[in-house]
Amino acid sequence: MGDGAKRKKDDKSSDRVTLKKEIGLLSACAIIIGNIIGSGIFISPKGVLEHAGSVGLSLIVWVCGGGICTLGSMCYAELGVTIPKSGGDYSYVTEIFGGLVGFLLLWSAVLIMYPTTLAVIALTFANYVLQPAFQDCLPPYVATRLLATICVLFLTWVNCSSVRWATRIQDVFTVGKLLALVLIIVVGLVQICRGHYDALRPSTAFQFSEEPSVGQIALAFLQASFAYSGWNFLNYVTEEVVEPRKNLPRAIYISIPLVTLVYTMTNIAYFSSMTPQELLASNAVAVTFGEKLLGMFSWVMPISVALSTFGGINGYLFTSSRLCFSGAREGHLPYLLAMIHLKNCTPIPALLVCCIATIVILCIGETHNLINYVSFINYLSYGVTIAGLLYLRKKNPALLRPIKVNLLVPVSYLVFWAVLLGFSLYSEPVVCGLGMVIMLTGVPVYFVGVQWKDKPKWLYRAVEKVTYVGQKLCYVVFPQEDPSETELLTASKATD
């Protein structure tokens, strides 16, 4: 009888409806690399050069920018294995500082940050796909919006259908991005071997058109840090990573140095064939590079940008939907968003919300103004999260930490972060102020939607009805907890 009960229990555990662990080390690296390498490195490295004032200093900024991201990612590796929950910044801040601070990050991310970023990437994809058909003019407004919407809808369908399909798309397109960048690097090295490296000679590389101020250098670092954004995205899907305590830090330590090397070598390749003046005049550096050196194969560069952005959309959908899922599971969003498909084990309601919000932003059209506010909010969240790491060490020193970085790592990151944030506030006070206003609009929403427990009964009944209909339409249920990843955290709390 005991054996029968044991077999029954094993059958139950095998049928558990939970998020599937299908992200191995390779896919984990692909998520990080695929989300960092978007259209930026192909289109506008000129922002760094413009503020740095010289080729040599701009290359130093690219290398140091990768170093700063490495410091941040080391902190996130500690947080990711200490608090093994999906949701990234939101989950860590909620665990450390409480519901209100976590909700404000969630509110700004779901309302503005991810829909706007997805919309901009989708529009970049559409523009580069349509550009060959409209060589003498810009692609039509309606056509770009329509193609961007079709792309978002298709990738939402893929992510709803299978985690494995979504990760395979991410793997393939990440390899495609890296191959495109390797092509640029190889062509650039050939140019250098032929003696075309005048802009890279030390005597000319540090010639400044005008002496850069500290503020200009800070803005150059800010441009580079935006190009590296996405380094924390694997932390949003921790619960779907195979052996996250091993693979999450490994993926971080492999991916960030690799991206830093590729970014730096790509910029060196650009300067091997383009003068600083030509680079500053170009709106799409990789395309200009291709037109100069690839001849009849110059079409490879626009296609590479399109493929890069396609993979970026997939990565953002995959990770941002997990943020909605985590927020709903904590009770900060409607519970329907915390449900997953009964067979595919994918968070379909959360994916649909991300898709609909992105399409709304595409229809509004004011993406460029919104992206400025997004960048500030995004950068602010990094600092708050890493400050939380220091606070958690003081608040709960007995908590089990499989990885514990040297104290200088978070302190160094926070010093650099505070300097950049200070110069951002000084140079763009209106943008930063509006970014803060967007975030703080979540305060009344939190107290009304989350803290207020005695809501009218009719409201509860309406929410239950919507949840029931949503479950029927999407064929979703609440996932069961997989205790293997959280039992250590619980045990550590019990001994506190």
Side-chain angles (χ1 to χ4, degrees), residues 18-38 66 69-92 114 155 158-159 162-179 181 228-263 308 310-323 325-326 340 345-347 350-351 382 385 401-403 405 482 484-486 488-489:
T18 186
L19 293 171
K20 290 184 178 179
K21 291 184 177 294
E22 294 190 349
I23 303 175
L25 181 59
L26 178 63
S27 293
C29 292
I31 286 171
I32 297 173
I33 296 169
N35 278 296
I36 293 176
I37 301 176
C69 287
T70 302
L71 294 178
S73 63
M74 289 168 69
C75 298
Y76 272 67
E78 177 179 326
L79 287 167
V81 296
T82 305
I83 306 172
K85 294 181 179 180
S86 292
D89 314 60
Y90 161 72
S91 292
Y92 309 146
Y114 286 114
L155 286 173
V158 169
N159 277 268
S162 170
V163 172
R164 183 168 295 174
W165 289 4
T167 54
R168 292 299 172 268
I169 285 178
Q170 196 68 13
D171 295 348
V172 170
F173 281 88
T174 297
V175 171
K177 295 177 189 184
L178 288 174
L179 288 176
L181 290 173
Y228 282 104
S229 62
W231 51 264
N232 61 327
F233 273 25
L234 185 61
N235 294 68
Y236 283 81
V237 294
T238 304
E239 292 171 46
E240 293 166 84
V241 176
V242 178
E243 294 187 278
R245 294 179 188 274
K246 292 181 180 178
N247 285 330
L248 189 143
R250 285 177 183 173
I252 287 171
Y253 298 151
I254 292 169
S255 303
I256 307 298
L258 178 61
V259 171
T260 303
L261 176 65
V262 169
Y263 271 18
S308 176
F310 187 83
I313 296 165
N314 182 69
Y316 265 85
L317 269 173
F318 188 83
T319 51
S320 60
S321 63
R322 271 58 178 182
L323 178 61
F325 170 85
S326 300
I340 61 175
C345 297
T346 53
L351 281 161
Y382 292 158
T385 305
R401 292 175 174 86
I403 295 174
V405 298
D482 185 356
S484 62
E485 295 299 335
T486 55
L488 290 172
L489 178 63

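Index from 1, following the sequence.
Residue pairs meeting the salt bridge (Lys or Arg N to Asp or Glu O under 4.0 Å) criterion with at least one partner in residues 75-84, sequence neighbours excluded, are Glu78-Arg393, Glu78-Arg401.
Among all heavy-atom pairs drawn from Tyr253 and Ala77, the shortest one is OH-CB, 4.0 Å. Nearest approach of Ala166 to Asn159, heavy atoms of both residues: CB-OD1, 3.3 Å. In plain terms, the two heavy atoms of Gln170 and Gly34 that are nearest each other are NE2-CA, 3.6 Å. Residues Ser326 and Ser86 come closest through the heavy atom pair OG-O, 2.9 Å. The two residues Ile37 and Lys177 have their closest heavy-atom pair at O-NZ, 2.7 Å. The minimum heavy-atom distance linking Ala28 with Ile23 is given by the pair N-CG2, 3.6 Å.
Rounded to the nearest 0.5 angstrom, Cys75 SG and Ile252 CD1 are separated by 10.0 Å. Between atom CG of residue Asn314 and atom OG1 of residue Thr167 there is a gap of 9.0 Å, rounded to the nearest 0.5 Å. Put simply, CG on Leu181 and CD1 on Ile33 are 11.0 Å apart, with the number rounded to the nearest 0.5 Å. One distance of note links OG of Ser27 with CG of Leu234; it measures 10.0 Å at 0.5 Å rounding. Here Tyr236 contributes atom OH and Asp89 contributes atom CG; the two are 4.0 Å apart, rounded to the nearest 0.5 Å. Note: Tyr316 OH to Leu323 CG = 12.5 Å, rounded to the nearest 0.5 Å.
Among Phe233, Tyr382, Tyr263, the single residue meeting the ring-ring contact (aromatic ring centres under 6.0 Å, His included) criterion with Tyr228 is Tyr263.
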Full working for side-chain contact (heavy atoms from CB on, under 4.5 Å) between Asn232 and Thr385: CA-CA 11 Å; Asn232 61 327; Thr385 305; over 6 Å; no
side-chain contact (heavy atoms from CB on, under 4.5 Å) between Tyr76 and Leu248, worked out: CA-CA 9 Å; Tyr76 272 67; Leu248 189 143; over 6 Å; no
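A 4.5 Å side-chain heavy-atom check between Arg322 and Thr319 finds every atom pair outside the cut-off. Inter-residue side-chain proximity for Asn35 and Phe318 is flagged as unmet; no heavy-atom pair is nearer than 4.5 Å. Between Pro249 and Val81, the closest side-chain pair of non-hydrogen atoms falls below 4.5 Å. Ile36 has its side chain within reach of Ile256: a pair of non-hydrogen atoms, C-beta onward, lies under 4.5 Å apart. In this structure, Asn235 and Tyr92 have side chains that are in contact, with non-hydrogen atoms separated by less than 4.5 Å. You'll find the side chain of Val158 stays beyond 4.5 Å of the side chain of Leu317, heavy atoms only.
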